[in-house]
Amino acid sequence: MPIANEPRIIVALDFDSAAAALSLLEKLDPAACAIKVGSELFTLAGPEPVREIAARGFNVFLDLKFHDIPNTVARACEAATRLGVWMLSAHAAGGRAMLTAARDAVRTAALDSDRPPPRLIAVTVLTSLDDTDLRDVGLIDGASAQASRLANLAHDCGLAGVVCSAAEARSLRRALGNAFTLVTPGIRPAGVDADDQSRIATPEIAVANGADYLVIGRPITRAADPLAALGAINRSLGASQ
Ligand code: C5P
């Protein structure tokens, strides 16, 4: 669950330059949202924008979806923790040894650097993959069974939570309890363009289904007034800003 007064909205800063990303940041408020940095911005601009965003008071979700041998992922998680991120992601399909190494690396690096440990969140099945894509890579049980299997594995390995759709949130919340963090993309306020998202939910429905944090990009980043768009979503969820 979000801790008291912590914003639920994570704004996806999907930009192709640090300057564009930081200029959008000027229009946002760390009391009203966290910020997601993904592989596009990180590959282009490296860790400096992450430091800058954190220095401006925002919680940073570093969404690089680590997936490699356990030692490599553990070292990447350690580096991200030392960078001061608040949340980071790894693929649950990396397996038990990778997930536990990542979990331990986050805890140790947080202790060593005297920081609160960031939330390590697992990616289950990318929503861009359907059952046919999964069969191509030898996974024959279908996306929903595979996502549920990987969410259970992440929970079992002591990860903080998973990324999931608003539709999956209800059953995961029931199965994995209230302490497990559910982070949900594919969010569109009622009446807003769906862009290229297909299985979308409104913020209210995602939270009612059990989502803790909502990843929202274009409805905020492309709005004429991003802070006003963010404020309207927060108010629809009963937050004051
Ligand atoms: O602009 P929009 O709100 O669609 O952006 C959503 C963000 O969430 C993007 O950064 C996208 O990569 C990410 N995401 C997603 N669906 C997933 C996982 C992540 O849209 N299943």
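For ligands, and for the atoms within them, numbers begin at 1 and follow the listed sequence.
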Exercise. Quick one: salt bridge (Lys or Arg N to Asp or Glu O under 4.0 Å) pairs with a partner in residues 150-160, sequence neighbours left out?
Worked result: R96-D156
For this session: For ligand 1, list the protein residues that place a heavy atom within a distance below 4.0 Å of one of its atoms, sorted by chain and number.
Result: A12, D14, K36, T127, P185, R188, Q197, V215, I216, G217, R218, P219
Seminar exercise, completed: When rounded to the nearest 0.5 Å, the distance separating CG of L214 from CD of E204 is 9.5 Å
Exercise. Below 4.5 Å, heavy atoms only, C-beta onward: do F15 and L24 meet side chain to side chain?
Worked result: yes
Exercise. Same cluster or not: are L172 and V215 linked, directly or through other Ile, Leu, Val, Met, Phe, Trp or Tyr residues, by side-chain heavy atoms under 4.5 angstrom apart?
Worked result: no
Exercise. Should the ring pair Y213 and W86 be called parallel, tilted or perpendicular, given that the plane angle runs from 0 to 90° and is split at 30 and 60?
Worked result: perpendicular
For this session: Considering only NZ, NE, NH1 and NH2 on the basic side and carboxylate oxygens on the acidic side, decide whether D195 and R188 come within less than 4.0 Å.
Result: yes
